[in-house]
Amino acid sequence: MVGGLSTRLLNICIASVCKTQQLQRAEVLLIDAIRLGVLPNVVTYNILVDAYCRFVGMGAALDVIPRMREAGISPDVITYNSLVAGSTRKRSLSLTLDLFDEMLELSIHPDRWSYNTLMHCFFKVGNPDEGYNVFRNLVLSEITPGQDTFNILINGLCKNGYAMHGLMLFRNLQRHGVVPELVTYNLLIDGLCKAGQWRAAKTMIMELLETDENPNAITFTTVMKCCFKFQKYEQGLEVFLEMANRGHTFDGFGYCTAVGGLIKIGRIEEANRWMDRMLKNGIGLDLVSYNSLINLHCREGRLGAAYAVVEELEKRGLECDAYTHAIIIDGLCRAGDIEGAYRHLDRMKVLGLGSNRVALNCMIDRLFKAGYMEAAMRLFESMETKDDFTYSSVVHSLCKLGRFRSASKVLLSCLRSGTKILKSAQKAVLTGLKMSGYRRDAKKLQSQIYMARVLARY
DNA sequence: GTAGGGTTAG
């Protein structure tokens with residue numbers, strides 16, 4: 001009895017230490033406990049597995065399993081659910097499927113949550129058909145879908161370009177007497193906002209305020225972000241102030257969103273103040289908050305400070321990601337250090353991150369602005385995949401240089417690939433051609449644009 | 001004991 005009680009106590013301690021991302025301290029705690037004769041149980045290891053998944057990586061999380069077995073404890077469905085959730089967070093469909101198979105081989109029966117997560121994984125990697133298939137199989141099996149299942153389904157639909165279908169499902173559930181949870185509202189607000197459906201998102205926000213649910217930190221961040229997305233910066237910052245007043249700024253999410261918004265509209269001083277406040281409030285920094293901080297330093301031209309943060313995060317065992325590198329490349333270019341940006345690009349190539357599209361887009365744009373057209377075009381042509389940013393920036397830059405016929409070629413290759421491009425870029429080419437006496441070419445381009453647009457629909 | 005919010009470029 002005493003032993004059971006102390007194991008429970010140990011688990012509470014380990015869980016709270018893990019929450020602060022101090023995995024090494026958690027391990028020390030575990031060793032000390034065992035020395036004192038307090039034995040860990042499956043819950044103890046499950047807490048560790050989940051924390052390693054979240055804060056370190058799948059490799060570290062998987063390493064816990066043999067340690068568990070050595071201690072005579074078998075992983076259970078919760079262990080595997082954590083692992084599957086971890087690999088889903090990392091968007092690794094193959095690992096998720098492997099873990100699922102392993103689970104079945106070990107006769108650990110997947111529960112509703114296992115299927116929920118599998119479905120979530122398919123949606124997350126952009127395979128909504130398979131995601132929906134999991135849902136169908138779940139309904140056909142003896143497992144009953146729960147509200148959580150529907151939430152994942154709604155989220156999956158929203159994030160895969162079917163936001164209005166998500167909304168329809170929501171209405172359908174309401175008609176069947178389901179009272180939506182706060183989570184459902186949060187998901188839909190975010191989904192509709194990201195799909196560009198401002199009116200529908202606004203309706204959802206208003207509806208939520210009519211319910212008994214109390215908006216939480218996630219709601220506030222989502223609504224703030226939604227305002228920013230539709231360029232309603234003042235409203236967004238108002239939401240942030242309200243969020244802070246209500247004590248919802250206990251983690252980095254709100255701060256990073258607000259700082260990002262302030263940077264976008266050039267209010268760097270305010271961004272600095274909020275960032276300071278976040279750091280002073282002792283909020284545990286993760287990679288995203290580090291990236292926000294690095295971005296702020298870069299915007300102020302403090303490249304040295306930016307690199308110091310990189311060192312700090314690496315010292316903590318974190319690794320720079322695609323965001324970090326894009327931010328640094330952009331910062332170097334903004335500071336006029338094109339050579340430094342090339343050097344950094346080389347370093348990224350060594351790390352296998354050479355095809356970072358955002359970083360390359362930044363670089364191309366800045367190369368044009370700095371007058372290195374040939375270098376910019378070389379980089380452009382070397383890119384494996386191009387997006388609307390790539391094309392819009394190159395077309396705009398070529399027009400600025402008066403290279404309307406080259407711009408027109410790039411524009412056409414963009415349309416043929418079915419990629420969107422800024423309307424202003426199209427317009428720049430057309431008016432440029434007309435103004436410089438290529439009226440025939442302009443006319444021809446116009447019909448080519450038209451045809452490409454029609455054909456892209458099929 | 002499990003999902004949902006935050007960071008990069010016109």
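These numbers were taken from a predicted model, which means no experiment stands behind them. Sequence lines set the chain letters: A, B, ... in the order given, protein chains first and strands last, and positions in each chain run from 1.
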Side chain to side chain contact (heavy atoms under 4.5 Å, CB included) with Phe122(A): of Thr88(A), Leu93(A), Asn160(A), only one passes, and it is Leu93(A)
Regarding Arg366(A), tell me which of base, sugar-phosphate or nothing describes its non-hydrogen contacts under 4.0 Å with the strands shown. sugar-phosphate
For residues 306-333 of chain A, pull every pair meeting ring pair (Phe, Tyr, Trp, His ring centres under 6.0 Å), keeping only residues two or more places apart or in separate chains. His325(A)-His344(A)
Does Lys386(A) make a cation-pi contact with Phe380(A) (under 6.0 Å, within 45 degrees of the axis)? yes
Tyr342(A) and Tyr372(A) aromatic centres sub-6.0 Å: no
Scan for ring pair (Phe, Tyr, Trp, His ring centres under 6.0 Å) pairs involving residues 262-306 of chain A, sequence neighbours excluded, and state none if there are none. Phe240(A)-Trp274(A)
So if I define the base as every atom that isn't primed, P, OP1 or OP2, how would nucleotides 1-8 of chain B read as a B/S/- string at a heavy-atom cutoff under 4.0 Å? BBBBBBBB
